[in-house]
Amino acid sequence: TGNVHGDGNVGGLVGRDYNGATSNSYATGNVIGTGNGVGGLFGVLNGTVENSYAEGNVTGEYNVGGFAGVNGGSETTIKRSYATGEVSGNEYNIGGLVGKNTGFISDSYALGSVEGGDSTGGLVGHNRYQESMEGDFWGIIENSYATGNVSGCDDTGGLAGKDDEDTEVIASYWDINLSGTNISSAGEGRTTQQMQAGTPNAILDDEGNEDSQGNLIYADWEEAIWDFRTTIEYPVLQGE
């Protein structure tokens with residue numbers, strides 16, 4: 001629960017994770033780093049994490065995220081997790097949940113405002129395809145959302161600031177009203193009213209009627225994972 005200060009690889013719970021497994025964990029302190037890889041729960045994640053969250057504000061230079069500064073590697077996974085703190089970075093790859101993603105993100109969300117330079121996004125700063133000696137990695141995002149205000153320089157978006165070719169973004173959304181932008185390199189923008197639909201499979205039009213254009217939201221999201229609550233609330237994970 002304490003505040004954390006450091007240089008690079010700085011996290012509210014773990015600075016750097018090498019092929020570890022984390023579940024049912026949280027951090028609530030503010031995290032400040034002066035280098036690469038700064039996050040609310042993990043500075044750099046190279047393992048798996050599920051059912052976890054970070055609530056503190058996060059400040060760093062580059063590869064900065066509300067949950068993890070870097071989510072990197074073919075086996076790296078974030079599932080059923082979220083971040084609520086404000087995120088700011090002086091340079092690039094700044095995201096409400098993850099700064100740079102070459103791993104897998106599913107059933108997760110970010111609520112905090114995000115401010116950075118290039119490649120700044122409400123959920124992910126840079127959803128990246130990366131070639132390395134260990135193999136090729138690419139970012140995958142599914143069934144996730146972001147609501148925070150986003151401000152940055154080049155490649156700034158409501159869900160993802162920058163999204164490379166060969167990555168995948170599936171059934172993931174950002175709030176175009178609260179984010180202050182209807183632009184994103186990936187994902188689908190929805191109004192606050194649409195994102196607070198209160199049920200999967202249907203969104204409401206400006207008159208409060210079910211959308212007749214077939215613009216579905218949360219269509220493939222599992223109700224065993226998500227609690228869709230009421231029409232004045234965003235969905236949350238079951239058990240929150």
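Position 1 is the first residue of the sequence, and the numbers go up from there.
More than 12 heavy atoms of other residues, nucleotides or ligands sit less than 6.0 Å from atom CD of Glu188. For Trp138, the CH2 atom counts as loosely surrounded, since its 6.0 Å shell holds 12 or fewer non-hydrogen atoms of other residues, nucleotides or ligands.
Leu123 places none of its side-chain heavy atoms less than 4.5 Å from the side chain of Val98. A heavy-atom distance below 4.5 Å is not found between the side chains of Asn143 and Ser106. Inter-residue side-chain proximity for Leu159 and Ser172 is flagged as met; some heavy-atom pair is nearer than 4.5 Å. In this structure the side chain of Asn71 never reaches within 4.5 angstrom of the side chain of Phe42, judged on heavy atoms. No side-chain heavy atom of Tyr109 sits under 4.5 Å from any side-chain heavy atom of Pro235. For the pair Glu165 and Tyr129, the minimum side-chain heavy-atom distance is 4.5 Å or more.
Between His126 and Asn63, the side chains place no donor N or O within less than 3.5 Å of an acceptor N or O (distance only, hydrogens not considered).
Side-chain heavy atoms closer than 4.5 Å link hydrophobic residues (I, L, V, M, F, W, Y) into clusters, and following such links, possibly through other members, connects Ile217 to Ile225. If you chain together hydrophobic residues whose side chains sit under 4.5 Å apart, Val38 and Ile32 never meet in one group. Taken together through direct or relayed side-chain contacts under 4.5 Å among Ile, Leu, Val, Met, Phe, Trp and Tyr, Val58 and Ile94 form part of one hydrophobic cluster. In the hydrophobic clustering of ILVMFWY residues, with side-chain heavy atoms under 4.5 Å counting as a link, Val169 and Trp221 come out apart. When hydrophobic clusters are built by joining Ile, Leu, Val, Met, Phe, Trp and Tyr residues whose side-chain heavy atoms come closer than 4.5 Å, directly or via intermediates, Leu41 is grouped together with Val124.
The backbone N or O of Tyr92 sits nowhere less than 3.5 Å from a side-chain atom of Asp118 that would complete a donor-acceptor pair. No donor-acceptor pair closer than 3.5 Å links the side chain of Glu61 to the backbone N or O of Glu91. For Thr59 (side chain) and Ser88 (main-chain N/O), no donor-acceptor pair under 3.5 Å exists by modelled atom type. With hydrogens and angles ignored, the 3.5 Å screen pairs no side-chain donor or acceptor of Tyr82 with any backbone N or O of Asp107.
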Let me check something: any side-chain donor-acceptor pairs from residues 2-24 under 3.5 Å, sequence neighbours excluded? List them with distances.
unit_1, atom_1, unit_2, atom_2, d
Asn3, OD1, Asn30, N, 2.9
Asp7, OD1, Thr34, OG1, 3.1
Arg16, NE, Tyr18, OH, 3.3
Asp17, OD1, Gly20, N, 3.2
Asp17, OD1, Gly47, N, 3.0

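With sequence neighbours left out, Asp227 forms a side chain to side chain donor-acceptor pair (under 3.5 Å) with no residue at all.
Using the six-membered ring where Trp is involved, Tyr234 and Tyr145 have ring planes that are parallel, under 30° apart on the 30 and 60° scheme. Ring-plane geometry between Tyr53 and Tyr26 is classed as parallel, the angle between the planes falling under 30 degrees on a 0 to 90 degree scale with a further cut at 60.
Nearest heavy atoms, Ala110 versus Gly122: CB-O, 3.6 Å. Taking both residues in full, the closest heavy atoms of Ser184 and Ala160 are given as OG-N, 3.1 Å, listed atom of the first, atom of the second, then distance. For the residue pair Asp155 and Lys162, the shortest heavy atom distance occurs at OD2-CD, 3.9 Å. Here the shortest heavy-atom pairing between Arg80 and Asn51 reads NE-OD1, 2.9 Å. Between Ala54 and Gly40, the shortest heavy-atom distance links the atoms CB-C, 3.6 Å. Closest non-hydrogen pair, Ser185 versus Gly161, comes out as OG-O, 2.7 Å.
The structure places CD of Gln194 at 7.0 Å from CD1 of Ile176, a figure rounded to the nearest 0.5 Å. Here the CG atom belonging to Asp175 is positioned 11.0 Å from the CD atom belonging to Gln193, to the nearest 0.5 angstrom. For the atom pair Arg128 CZ and Lys100 NZ, the distance stands at 5.0 Å (nearest 0.5 Å). Residue Glu168 holds its CD atom at 4.5 Å from CD1 of Ile140, rounded to the nearest 0.5 Å. Within the model, atoms CH2 of Trp226 and CG of Leu237 stand 4.5 Å from one another, a figure rounded to the nearest 0.5 Å. Considering CG of Asn182 and OG1 of Thr191, their distance stands at 12.5 Å, rounded to 0.5 Å.
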Check against side-chain contact (heavy atoms from CB on, under 4.5 Å), Val150 and Thr120: CA-CA 7 Å; Val150 181; Thr120 296; 3.9 Å; yes
Stepwise side-chain contact (heavy atoms from CB on, under 4.5 Å) check, Thr77 with Phe104: CA-CA 5 Å; Thr77 301; Phe104 180 57; 3.6 Å; yes
Evaluation steps, side-chain contact (heavy atoms from CB on, under 4.5 Å), between Trp174 and Thr181: CA-CA 9 Å; Trp174 82 93; Thr181 182; 4.3 Å; yes
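Val44 belongs to a hydrophobic cluster with Val70, counting contacts under 4.5 Å between side-chain heavy atoms of Ile, Leu, Val, Met, Phe, Trp and Tyr, direct or through other members.
If you run side chain to side chain contact (heavy atoms under 4.5 Å, CB included) between Ile78 and each of Asn101, Val49, Ile141, only Val49 comes through.
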